[in-house]
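Because the structure is predicted, anything quoted here is derived from the model rather than measured.
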Amino acid sequence: MLAPFLAGAFLLIGLPTLLTAGLAFTRYDAITPPLWVGLENFAAIFRREVFWIAVRNSLFFALTAAPLQVLGALLLALLLHPARRGAPGYRAAVYLTTVLPDVAYALIWLWLFNPLYGPINIVLAAVRLPQPAWLADPATALAALVIMAAVRVGEGMLLLIAARQALPSAYFQAAMLDGAGRWSTFCYITLPLLLPWLLLLLVRDVVIGAHAAFTPTLIMTGGGPGYATTLLPFLIYEEAFGYLRIGQAAAMMCVMFAAIGLFVWLIFRRSGGWTQGDER
């Protein structure tokens with residue numbers, strides 16, 4: 001039953017990954033045949049300042065956007081998990097941000113962040129707050145991409161709603177009989193039981209965010225102003241298809257994959273290999 005899926009995964013993911021790993025050790029420009037150069041590409045990218053700028057920007061993006069996504073998903077799940085009037089409509093509205101195509105989502109935010117007629121600056125002006133030049137200012141451009149990514153919490157919200165509804169009601173009934181308030185119930189019952197799910201979401205958002213940032217960067221900022229929003233996926237794209245330095249682009253991709261794999265491994269080790277029910 002799994003054979004078609006496994007075959008598709010190998011052809012679309014596994015095989016390109018193996019080819020990329022091989023090209024990382026060659027000098028290749030898509031015109032002449034690949035030339036084996038060993039670790040030369042890795043040494044070259046480590047000497048380039050733009051690579052470290054992209055690494056720093058990518059780390060900032062991952063370490064801010066992913067936790068904000070998890071926090072937003074948790075707050076919305078706690079708010080919308082009860083079967084109350086209008087809850088399905090609110091859930092659908094939040095989930096809409098997830099099903100929108102990446103290009104359409106980026107174009108919407110390009111309008112929202114417009115410094116002259118964008119709704120965000122209009123609201124800020126109405127309450128007499130500063131109106132940044134968002135995507136045109138190096139100080140705020142990357143923060144704007146983080147805000148855009150942090151709002152996309154539909155999938156995480158649905159996952160946490162399902163997790164919250166699956167928690168044993170006996171725990172909450174016992175806490176209510178003991179006189180526990182909402183905050184105490186959340187801190188000592190809800191949050192500990194949801195921690196494995198939150199960990200899963202955090203790892204997922206970091207891994208997906210490392211790649212999903214490419215489309216908004218390409219459409220909204222082009223990596224600028226300067227190198228303020230140059231993230232690793234965008235730099236890899238430029239190196240491979242803009243300058244035809246495919247070997248160096250492949251080396252950057254291998255470094256990014258290794259960093260993501262190390263992060264997932266460290267999280268798994270620190271968590272002790274939690275399962276959904278915290279069974280070891």
S.K.: Of all heavy-atom pairs between T217 and T229, which one has the smallest distance, and what is that distance?
M.R.: CG2-O, 3.2 Å
S.K.: Report yes if some heavy atom in the side chain of M176 is under 4.5 Å from a heavy atom in the side chain of F172; otherwise report no.
M.R.: no
S.K.: Any non-hydrogen side-chain atom of F257 less than 4.5 Å from a side-chain atom of T20?
M.R.: no
S.K.: Side-chain contact, heavy-atom cut-off 4.5 Å: V146 with F61?
M.R.: yes
S.K.: Under the 4.5 Å side-chain heavy-atom rule for ILVMFWY, direct or indirect, which residues accompany F241?
M.R.: F214, L218, F234, Y237
S.K.: Is the shortest side-chain heavy-atom distance between I53 and L235 below 4.5 Å?
M.R.: no
S.K.: How close do A228 and N57 get, heavy atom to heavy atom, and via which atoms?
M.R.: O-ND2, 3.4 Å
S.K.: Please answer whether the main-chain N or O of N114 pairs with a side-chain N or O of W134 as donor and acceptor at a distance below 3.5 Å.
M.R.: no
S.K.: Taking all non-hydrogen atoms of both residues into account, name the closest pair between P225 and A141 and its distance.
M.R.: CD-CB, 3.7 Å
S.K.: How far does CG of L135 sit from CG of L145, to the nearest 0.5 angstrom?
M.R.: 6.5 Å
S.K.: Can you check whether P115's main-chain N or O pairs, donor with acceptor, with Q131's side chain at less than 3.5 Å?
M.R.: no
S.K.: Heavy atoms, side chains only, cut-off 4.5 Å: are Y28 and V37 in contact?
M.R.: no
S.K.: Decide if atom OH of Y171 counts as having more than 12 heavy atoms of other residues, nucleotides or ligands within a radius under 6.0 Å.
M.R.: no
S.K.: Determine whether I120 and I147 make a side-chain contact, defined as any pair of heavy atoms from C-beta on separated by less than 4.5 Å.
M.R.: no
S.K.: For R245, what residues pass the salt bridge (Lys or Arg N to Asp or Glu O under 4.0 Å) criterion, not counting sequence neighbours?
M.R.: E239
S.K.: Shortest non-hydrogen contact from I246 to A30?
M.R.: CD1-CB, 3.5 Å
S.K.: Begin with the C-alpha distance, continue with both residues' side-chain angles, and end with the deciding distance and a verdict on side chain to side chain contact (heavy atoms under 4.5 Å, CB included) for I267 and V206.
M.R.: CA-CA 11 Å; I267 290 292; V206 168; over 6 Å; no
S.K.: Could you tell me which residues satisfy salt bridge (Lys or Arg N to Asp or Glu O under 4.0 Å) with R27, sequence neighbours excluded, listed by chain and number?
M.R.: E40
S.K.: Using a 3.5 Å distance criterion without hydrogens, assess whether the side chain of D205 forms a donor-acceptor pair with backbone atoms of P67.
M.R.: no
S.K.: Side-chain heavy atoms nearer than 4.5 Å, only ILVMFWY residues, links allowed to pass through others: does that put L199 and L71 together?
M.R.: no
S.K.: Kindly indicate whether the side chain of P132, heavy atoms from C-beta on, has any atom under 4.5 Å from the side chain of F113.
M.R.: no
S.K.: Assigning hydrophobic clusters by single linkage (Ile, Leu, Val, Met, Phe, Trp, Tyr; side-chain heavy-atom cutoff under 4.5 Å), is I208 placed with I219?
M.R.: no
S.K.: Got a sec, which hydrophobics cluster with L244, joining ILVMFWY side chains under 4.5 Å apart, including via others?
M.R.: I31
S.K.: What's the spacing between H81 NE2 and T190 OG1 if we round to 0.5 Å?
M.R.: 7.5 Å
S.K.: Quick check: do L100 and R152 have side-chain heavy atoms less than 4.5 Å from each other?
M.R.: yes
S.K.: Show which residues join L80 in its hydrophobic cluster (side-chain heavy-atom contacts under 4.5 Å, direct or indirect), or state none.
M.R.: L76, L79, Y90, V94, Y95, L96, V99, V153, M157, L158, I161
S.K.: Under 4.5 Å between side-chain heavy atoms, counting indirect links through other Ile/Leu/Val/Met/Phe/Trp/Tyr residues: same cluster for L63 and L198 or not?
M.R.: no
S.K.: Treat each ILVMFWY residue as a node, draw an edge where side-chain heavy atoms are under 4.5 Å apart, and state whether I13 and L23 are in one component.
M.R.: no
S.K.: Working to the nearest 0.5 angstrom, can you tell me the gap between D178 CG and T185 OG1?
M.R.: 9.5 Å
S.K.: Hey, what's the ring geometry for F46 with F42, parallel, tilted or perpendicular (30° and 60° as the breaks)?
M.R.: tilted
S.K.: Donor-acceptor pair, distance only, cut-off 3.5 Å: does the side chain of N121 make one with the backbone of L116?
M.R.: no
S.K.: Applying a strict under-4.5 Å side-chain criterion to I, L, V, M, F, W and Y, I'd like to know whether I189 and L160 cluster together.
M.R.: yes
S.K.: By side chain to side chain donor-acceptor pair (under 3.5 Å), which residues pair with Q248, not counting sequence neighbours?
M.R.: R48
S.K.: Write down the atom of W52, the atom of I45, and the distance for their closest heavy-atom approach.
M.R.: NE1-O, 4.5 Å
S.K.: If you measure from CE on M220 to OG1 on T215, what distance do you get to the nearest 0.5 Å?
M.R.: 11.5 Å
S.K.: Would you confirm whether R91, through its side chain, and G154, through its main-chain N or O, come within 3.5 Å as a donor-acceptor pair?
M.R.: no
S.K.: I need the M148 CE to L110 CG distance, nearest 0.5 Å.
M.R.: 10.0 Å
S.K.: For a quick test of reading the model, state the closest non-hydrogen atom pair linking C254 to A21 and the distance between them.
M.R.: SG-CA, 3.8 Å
S.K.: Just verifying a value: how many Å separate L15 CG and F10 CZ, rounded to the nearest 0.5 Å?
M.R.: 5.0 Å
S.K.: Has T26 got a side-chain atom pairing as donor or acceptor with P34's backbone, closer than 3.5 angstrom?
M.R.: no
S.K.: Hey, does the side chain of Q165 reach the backbone of A163 with a donor-acceptor pair shorter than 3.5 angstrom?
M.R.: no
S.K.: Under a 3.5 Å distance rule, please check whether T230 uses its side chain to pair with a backbone N or O of A54 as donor and acceptor.
M.R.: no
